[in-house]
K.L.:
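Quick one: structure below, then a few questions.
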Amino acid sequence: MNDLYNPQEIERIAQEYWEAHQCFQADEKSNKTKFYCLSMFPYPSGYLHMGHVRNYTIGDVIARFQRMQGKNVMQPMGWDAFGLPAENAAIQNKIPPAEWTYKNIAYMRTQFKRMGFAYDWSREITTCDPKYYRWEQWFFVKLFEKGLVYKKNAEVNWDPVDQTILANEQVVDGRGWRSGALVERREIPQWFLKITAYADELLNDIDTLEQWPDQVRAMQRNWIGRSEGTEVIFPISNSDVKLTIFTTRPDTLFGVTYIALAPQHPLAKQAAEKNPALQQFLDECRNIKVAEADLATMPKKGVNTGLTAVHPLTNEIIPIWVANFVLMEYGAGAVMAVPAHDQRDHDFAKQYHLSIKQVITPLDDSAWDFSKAAFVDDGKLIHSQTFDNLESEKACAAITDALIAANKGQRKINFRLRDWSVSRQRYWGTPIPIVNCPTCGAVGEKNLPVVLPENIQFTGVSSPLKTMPEFYKTTCPKCGGPAERETDTFDTFFESSWYYARFACKNLETAMLDERANYWVPVDQYIGGIEHAVMHLLYARFMHKLLRDEGLVNSDEPFKRLLTQGMVLNQGIKMSKSIGNTVEPAPLIDRYGTDTVRLFSIFAAPPEQNLEWSDSGVEGAHRFLKRVWALAYENREALEKENKALKANTSRFKTIQWENTDAKQRNVLRQVYEILEQAQYDYDRLQFNTVVSGCMKLLNLLTKIPEATHAEADIQLYIIHTGISILLRLLAPIAPHITHQLWQDLHFENAMIDATWPASSKSALKMDHVELVVQINGKLRSRIQAPSDADQKTLEQIALADAKVQHAMAEQVVKKVIVVPGKLINIVAGAKS
RNA sequence: GCCCGGGUGGCGGAAUUGGUAGACGCAAGGGACUUAAAAUCCCUCGGGAGGUGACUCCCGUGCCGGUUCGACUCCGGCCUCGGGCACCA
């Protein structure tokens with residue numbers, strides 16, 4: 001052992017030890033409780049950044065902590081290897097996406113290994129590997145045969161110059177990022193998965209996810225957006241066509257003054273054929289990006305179609321408009337507008353001078369100025385024929401019943417959630433295993449995998465697959481006749497929605513999953529960025545239910561406990577290449593070692609919050625580790641000797657007479673155990689930054705143990721021995737290398753990786769006296785000492801007898817005393833009445 | 001625009017969930033050691049006022065209001081920063 005902390009050397013030694021003993025290879029044969037710890041796998045962008053370091057350190061701390069709790073831990077790692085950046089790199093550097101991706105993976109793997117993460121590398125998954133995606137293709141064909149897959153038209157961002165489809169992020173100010181051309185919405189046929197068929201279950205099961213953050217559960221609920229309402233049929237005047245709309249406020253039906261259609265609504269398109277102004281408006285709407293945020297923030301506009309509808313209950317004639325804010329994807333792509341009782345309808349009505357008709361009046365009969373705003377709350381009906389005087393809730397039911405009786409409507413549950421579009425018109429993705437046969441139609445491919453050709457030229461104009469007859473020309477699996485493959489590929493969310501299960505049986509070649517998946521899944525702890533709170537997690541939950549219904553897993557949910565960690569910021573803004581404020585982990589590891597970088601990223605902020613980068617904070621973390629090393633070195637000989645004596649059962653620790661020892665010494669030992677208890681609590685609630693604080697406190701305590709008399713030498717050594725053994729084990733999940741080395745050098749039992757978690761000590765924690773705070777009217781006035789078993793009356797008496805309390809009370813009288821045992825006494829005082 | 005979070009010293013954050021605001025660390029200032037520097041160690045450190053002094057008092061958790069014996073914590077209304085919004089992952 002060296003008296004200087006040399007991280008590079010000890011980190012190499014520790015990692016070699018773990019490797020040689022295959023410490024992190026998980027199997028299913030253990031009789032310990034299993035614990036599956038999974039961090040969201042990364043996109044292999046090329047190098048490890050601080051966000052990765054933080055994310056994966058958090059996961060590793062949990063995995064190592066659980067292992068020390070005696071669990072059979074599996075912590076795997078893999079690569080979410082398909083995606084847009086590889087195509088962009090291919091255009092820029094003229095390298096095939098596959099080559100670029102594999103090179104990145106190889107480099108990033110070495111960086112991960114350097115971090116000392118406790119991964120079972122034998123389970124590594126790469127999603128662009130046909131051995132992985134063939135099962136995804138197989139499963140898709142199953143779903144296709146089950147009728148859970150269908151094709152329909154959907155809108156995409158179309159770049160007319162590059163002749164390609166753009167991702168939302170590739171559209172900048174309405175123009176293609178490379179060509180600069182005005183982007184258009186274009187309808188193309190796409191494959192969809194029927195996630196809406198599982199909407200109710202996905203919504204209801206959120207209640208079972210008790211160990212997910214409430215925030216994420218709320219976001220998922222809102223995304224699914226279940227709403228109960230009524231479908232109302234409005235016949236079009238002088239036509240057989242009937243227009244269907246969905247509303248959650250049928251009580252306002254008599255206040256409808258116009259109907260608004262989505263620009264993509266078939267009726268709008270039909271009306272535009274004879275209406276050039278309308279056609280121009282529809283064309284204008286084609287220049288809006290597909291993203292909902294763009295739709296919602298642009299100025300509200302509309303055009304009158306000239307068509308009218310007939311009110312189903314009054315037979316009034318109602319004008320039909322087209323409005324750019326109506327979503328074709330939601331409800332029926334048309335809304336009944338009630339400007340008196342809906343703010344957006346109100347704004348639109350004022351803008352285009354449409355009439356506003358009040359049908360709801362506030363319950364307290366207060367006046368409302370409808371020229372200023374809509375009255376959107378529930379109330380009492382007026383101007384609604386026989387429904388007058390009904391309150392909103394009852395009126396909704398009554399009006400819906402009347403519509404049903406008249407055959408003009410029905411009850412309807414609507415979801416905001418839309419079916420999952422899994423087609424991407426991109427090259428670098430999993431080929432969709434569908435063959436289009438001129439006689440049989442779309443047929444699922446039987447001969448799997450459909451391998452993506454990797455050695456290609458990628459230019460960014462269209463997908464190379466579309467120009468490769470050797471790829472798309474095939475024969476129909478059904479009739480054997482000539483046919484063509486789909487050239488679209490899957491959304492990369494598809495790969496990331498089932499990888500967690502495949503880690504259980506990565507090399508399985510005869511099936512997608514086997515019984516091992518049921519051993520490991522559900523994941524006990526899933527860790528990832530809050531940016532994945534809705535889409536990734538919802539798709540993975542959906543996929544899990546599909547796997548269950550196919551008999552491949554036997555649980556309902558994939559992730560038992562979820563931790564969503566914050567981002568790494570530098571000077572208050574997200575670290576990013578484009579802003580140029582990134583901090584490279586590699587040079588820091590070279591300089592301070594992995595343990596320092598891990599320690600800092602754990603200590604600087606709680607996992608769920610954003611982390612502010614600080615160079616001097618890293619120095620501080622390093623300083624702490626050096627002090628830990630120094631403390632161990634100072635006590636090395638004594639501890640080594642004592643540990644050997646403990647093994648030989650000749651230690652004098654057993655003979656210590658605690659009752660007769662100085663209170664100062666017992667006090668130190670009590671604090672050691674208080675810190676241990678707190679750290680345990682913090683580990684359990686995943687607040688690791690305060691675990692580090694606790695370790696720092698413990699170190700400070702152990703370096704300042706009060707001078708012991710000669711007779712207390714054994715006691716002092718006992719405290720040091722206990723303190724250091726607890727400190728090293730508390731720190732081991734966070735800084736595994738230094739603790740591995742010190743544990744060994746001080747001759748503690750076993751290797752640190754196999755050490756057991758420290759047990760608490762009730763006797764050491766026991767206190768005769770406690771300090772309580774005395775408040776007067778909630779303000780801190782004094783502190784008192786009291787026996788820890790004193791009752792409320794006694795505490796009250798001690799508090800009132802206190803000199804400072806008496807001084808502060810002066811002329812006031814006691815009105816009430818509140819006693820919080822072990823904490824405080826609050827005296828409610830006031831002037832004599 | 002809609003949904004979901006965050007806001008506490010000069011800075012990162014703590015306060016076990018309504019009970020001592022500022023733990024722990026960083027930065028800063030002062031001191032020790034050193035020929036010097038680095039490293040290390042010790043002390044001070046939210047703001048204001050008073051006292052020679054151990055100390056005492058007042059203010060203070062984005063802003064305004066409320067509930068409570070007591071509010072960083074709960075409720076209502078704002079301001080502000082961030083995440084997501086279906087083809088970035």
Side-chain angles (χ1 to χ4, degrees), chain A residues 40 42-43 45 80 82-85 88 154 156-157 165-171 190 213-216 218-219 221-223 225 290-298 300 325 329 344 416-421 423-426 491-493 496 529-536 538-539 564 566-567 569 572-574 600 603-606 608-621 623-624 626-627 630 677-678 681-682 685 687 689-690 692-697 700 703 771-780 783 804 807 815-818 820 823-829:
Chain A
M40 291 178 186
Y43 180 80
S45 55
D80 190 12
F82 277 134
L84 200 54
N88 296 338
V156 293
N157 302 311
I165 282 133
L166 300 176
N168 280 327
E169 69 159 16
Q170 295 175 312
V171 182
Q190 314 222 50
D214 287 339
Q215 171 197 4
V216 175
M219 285 161 88
R221 275 191 200 100
N222 292 332
W223 183 266
V290 176
E292 189 187 317
D294 291 81
L295 209 62
T297 48
M298 73 197 167
K300 310 274 177 285
F325 57 84
E329 291 88 357
R344 197 172 52 182
R416 203 189 78 94
L417 180 68
R418 309 199 295 256
D419 277 337
W420 178 11
S421 158
S423 314
R424 296 293 179 270
Q425 295 68 45
R426 305 202 175 279
D491 176 9
T492 57
F493 274 127
S496 58
I530 186 67
E531 67 273 21
H532 296 295
V534 178
M535 303 187 65
H536 161 64
L538 190 69
Y539 291 141
T564 50
M567 299 178 304
L569 312 179
I573 43 173
K574 189 177 174 167
F600 172 75
F603 179 56
E608 302 217 312
Q609 275 182 40
N610 289 341
L611 181 151
E612 182 64 45
W613 184 257
S614 158
D615 289 326
S616 53
V618 178
E619 295 262 7
R623 197 147 47 217
F624 167 71
K626 279 199 286 191
R627 291 180 60 211
E677 295 245 308
Q678 181 67 46
Y681 176 79
D682 289 338
R685 62 174 176 154
Q687 191 176 285
N689 55 324
T690 46
V692 177
S693 298
C695 290
M696 288 170 169
K697 262 188 208 172
N700 292 342
T703 50
E771 190 185 75
L772 289 102
V773 160
V774 185
Q775 299 181 336
I776 295 172
N777 292 332
K779 285 194 178 180
L780 177 73
R783 292 162 204 275
K804 281 181 190 166
H807 176 253
K815 297 205 161 159
K816 194 174 163 187
V817 180
I818 285 144
V820 182
K823 287 243 162 105
L824 64 72
I825 299 154
N826 187 19
I827 300 163
V828 185

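Within every chain, numbering begins at 1; the chains are lettered A, B, ... in the order of the sequence lines, protein sequences first and strands thereafter.
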K.L.:
Is there a donor and acceptor pair, one atom on the side chain of Gln425(A) and one on the base of C87(B), closer than 3.5 Å?
P.N.:
yes
K.L.:
If you compare every side-chain N and O of Arg418(A) against the phosphate oxygens of A86(B) (OP1, OP2), does one of them come in below 4.0 Å?
P.N.:
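Negative; the distance criterion is not met.
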K.L.:
Taking the side chain of Lys816(A) as heavy atoms from C-beta outward, which of C26(B), C69(B), C87(B) is closest to it?
P.N.:
C69(B)
K.L.:
Verify side-chain hydrogen bond (donor to acceptor under 3.5 Å, both in side chains) between Arg627(A) and Asn700(A), making sure each step is shown before the conclusion.
P.N.:
CA-CA 9 Å; Arg627(A) 291 180 60 211; Asn700(A) 292 342; 3.1 Å; yes
K.L.:
For RNA chain B, whose closest nucleotide is more 5', that of His532(A) or that of Val692(A)?
P.N.:
Val692(A)
K.L.:
Indicate syn or anti for G30(B), taking the glycosidic torsion and treating anything within 90° of 0 as syn.
P.N.:
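Anti, which is what one calls it when the glycosidic angle falls more than 90° from 0.
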K.L.:
Given C41(B), is OP1 or OP2 found less than 4.0 Å from the side-chain N or O atoms of Arg627(A)?
P.N.:
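Answer yes for this pair, as a side-chain N or O of Arg627(A) is under 4.0 Å from OP1 or OP2.
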K.L.:
Have Thr690(A) and Asp682(A) got a donor and an acceptor in their side chains that come within less than 3.5 Å?
P.N.:
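Result is yes, a qualifying pair exists.
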K.L.:
Pro42(A) near the nucleic acid: base, sugar-phosphate alone, or nothing, with a heavy-atom cut-off under 4.0 Å?
P.N.:
nothing
K.L.:
Give a yes/no answer on whether the side chain of Arg623(A) brings an N or O atom under 4.0 Å of OP1 or OP2 in C26(B).
P.N.:
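Answer yes for this pair, as a side-chain N or O of Arg623(A) is under 4.0 Å from OP1 or OP2.
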K.L.:
Sticking with atom C1', work out how far G48(B) lies from A37(B), rounded to a whole angstrom.
P.N.:
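Comparing C1' positions in G48(B) and A37(B) gives a spacing of 40 Å.
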K.L.:
Lys823(A) side chain N/O closer than 4.0 Å to the phosphate oxygens (OP1, OP2) of A15(B)?
P.N.:
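Indeed not, no polar side-chain atom of Lys823(A) lies that close.
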K.L.:
Of all the choices, A86(B), U16(B), A89(B), which nucleotide is nearest to the side chain of Thr492(A) once you look at every atom?
P.N.:
A89(B)
K.L.:
In whole Å, what is the span from the CZ atom of Arg416(A) to the C1' atom of C85(B)?
P.N.:
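Value for this atom pair: 7 Å.
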K.L.:
In B/S/- notation, 5' to 3', how is nucleotides 1-8 of chain B contacted by protein heavy atoms closer than 4.0 Å?
P.N.:
B-SSS---
K.L.:
Any side-chain N or O of Gln687(A) less than 4.0 Å from the OP1 or OP2 oxygen of A15(B)?
P.N.:
yes
K.L.:
Is any side-chain heavy atom of Leu538(A) less than 4.5 Å from a side-chain heavy atom of Met219(A)?
P.N.:
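Result no, sub-4.5 Å side-chain heavy-atom pair not found.
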K.L.:
Ignoring backbone atoms, establish whether Asn689(A) has a side-chain N or O less than 4.0 Å from OP1 or OP2 of A14(B).
P.N.:
yes
K.L.:
What is the distance, to the nearest angstrom, from the OH atom on Tyr539(A) to the C1' atom on C87(B)?
P.N.:
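Interatomic distance, OH of Tyr539(A) to C1' of C87(B): 10 Å.
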K.L.:
In terms of the nearest nucleotide of RNA chain B, which residue is placed more toward the 5' end: Ala605(A) or Arg783(A)?
P.N.:
Ala605(A)
K.L.:
Just verifying a value: how many Å separate Gln215(A) CD and Ile530(A) CD1, rounded to the nearest 0.5 Å?
P.N.:
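Rounded to the nearest 0.5 Å, the CD-CD1 separation comes out at 4.0 Å.
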K.L.:
So, OP1 or OP2 of G25(B): does either fall under 4.0 Å of a side-chain N or O from Asn700(A)?
P.N.:
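The answer is yes; a side-chain N or O of Asn700(A) sits under 4.0 Å from OP1 or OP2.
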K.L.:
Report yes or no: is there a donor-acceptor pair, N or O only, under 3.5 Å between the side chain of Gln678(A) and the base of U16(B)?
P.N.:
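Yes, the side chain and the base share a sub-3.5 Å donor-acceptor pair.
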K.L.:
Which whole number of Å gives the distance between the P atom of C24(B) and that of C59(B)?
P.N.:
27 Å
K.L.:
What nucleotide among C87(B), A89(B), G82(B) has an atom nearest to a side-chain atom of Ile165(A)?
P.N.:
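When the side chain of Ile165(A) is considered, C87(B) is the closest of C87(B), A89(B), G82(B).
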K.L.:
Quick check for you: among C88(B), C59(B), A23(B), whose closest atom lies nearest to any side-chain atom of Lys779(A)?
P.N.:
C59(B)
K.L.:
Taking only the C1' atom of each, what is the distance from U68(B) to C75(B) in whole angstrom?
P.N.:
12 Å
